[in-house]
Amino acid sequence: MDAHIDRRVMPRTIFSPVPISNSLRQHLGNRITSIRQWRGLIEEYHKWLPVSEKTPIITLGEGATPLIPADHISEIIGRDIKVYLKFDGLNPTGSFKDRGMTIAISKAKERGAKTVICASTGNTSASAAAYARRAGIKVFILIPDGYVSQAKLAQALVYGAEVITIKGNFDKALDIVQAAAKTYPVTLVNSLNPYRLQGQKTAAFEVIDVLEKLPDFLCIPVGNAGNISAYWMGFSEYRKAYHGQKLPHMMGFQASLSAPLVFESTVEKPSTLATAIQIGRPVNRDKAVKVKQDSRGIFAMITDAEIIQAYKLLGNTEGVFCEPASAISVAGLLKHRYEVPNGSTVVCVLTGNGLKDPDCAIQNNCAIFHKKLDPDIKEIVNVLGF
Ligand SMILES: *Cc1c(COP(=O)(O)O)cnc(C)c1O
């Protein structure tokens, strides 16, 4: 029966840590009971997305990222609090941006766009480049000179974007692309593009599909504040199928020197080693402020040192390598753990892959690194401690 399944292709079905209940099976049809190739989030969740028969689907199989139980972190926190990591760094270009980009580019293609543009701290440009080129669309990228990691820049170049670096920060780059998209025939694919958040909300669907309930808390990094708004939209829409369960408290974290939502004012010169969230003027600010209020959540700031501590902990104890901006959700949870009641279920969103920023990894780890030993068995065994 299975002969037609190509085993070289990893089936990316949603996994479930508990047996699939009859009510969920009924709700989802037989969608998650069979082993087959995941078709990308537009096809899988099309009923919930603004697409039609006419929409060309530009996909790289994004979505269906694992929800990983974080047993070590749960143990540190104690009190029967169960922590999960939504590892969105396992998307095709290594960040959650692919969720928004599959639909932003599909809709641009549907409307006959020939060119798209974005400003980026790195991950948006990698994702925009991949999806746009797959769709045969030209892509321009504006990035702040010197603040985008080599790995992210490498992606944009390999995917065939036209890259422009500017002597200015992300906020400035965004002003320029916004102005350009207003006047010229070029489609903006930053998170001001409403389709981006529509795609990103599917991460909340996946969390619910796997947990079979809504989490009590969601911890998430906040840069332009698009993703926190998208998760909230996803939870709000999808819970209707779950008998209107209580919505989670949304815990948004920003780096101390890059925390406009915490200070409630623009930060002119944002600075943090978590470059993906080095943003002083979040474009989705108003949405995110409302999410915080409606969810009775918090915005809080976390120092770079605390981010790195969580980054190392994730690698060293959970076996999860995420980028520094992502580790802030765990750093934030650890810092604010006493705001989480006993027995809660908490999901920390890990937005990007650790390989995105190898410099940070080489500089911040708990490894012991023995360098340039003689190729001699005695010397090596000595190091092994025998
Ligand atoms: C874009 C990005 C963020 C910030 O998301 P916003 O929607 O801008 O708040 C966080 N982490 C990573 C890795 C990102 O690429």
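What you see below is based on every heavy atom in this structure, not just the backbone, and it leaves out hydrogens, waters and symmetry mates. First listed ligand is number 1; within each ligand, the first listed atom is number 1.
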For Ser191 and Asn224, does a side-chain donor sit closer than 3.5 Å to a side-chain acceptor? no
Write out all pairs satisfying side-chain hydrogen bond (donor to acceptor under 3.5 Å, both in side chains) with one or both partners inside residues 123-132, taking only residues at least two apart or from two chains. Glu62-Tyr131, Asp98-Ser127, Ser120-Ser125, Asn123-Glu323, Asn123-Lys356
Are Lys138 and Phe140 in a cation-pi setup, meaning NZ or CZ lies under 6.0 angstrom from the ring centre and within 45 degrees of the ring axis? no
We want to know whether Ser326 and Thr351 form a side-chain donor-acceptor pair, criterion being a heavy-atom distance below 3.5 angstrom. yes
Under a side-chain separation threshold of 4.5 Å, the hydrophobic residues clustered together with Tyr311 are Leu273, Ile308, Phe321, Leu355
Is there any protein N/O under 3.5 Å from an N/O of ligand 1, and what does the full list of such pairs look like?
from	atom 1	to	atom 2	distance (Å)
ligand 1	7 (O)	Gly226	N	3.1
ligand 1	7 (O)	Asn227	N	2.8
ligand 1	8 (O)	Asn224	N	2.8
ligand 1	9 (O)	Gly223	N	2.8
ligand 1	9 (O)	Asn224	N	3.3
ligand 1	9 (O)	Ala225	N	2.8
ligand 1	11 (N)	Thr351	OG1	2.7
ligand 1	15 (O)	Lys97	NZ	2.6
ligand 1	15 (O)	Asn123	ND2	2.7

Residues clustered with Ile368, ILVMFWY side-chain links under 4.5 angstrom: none
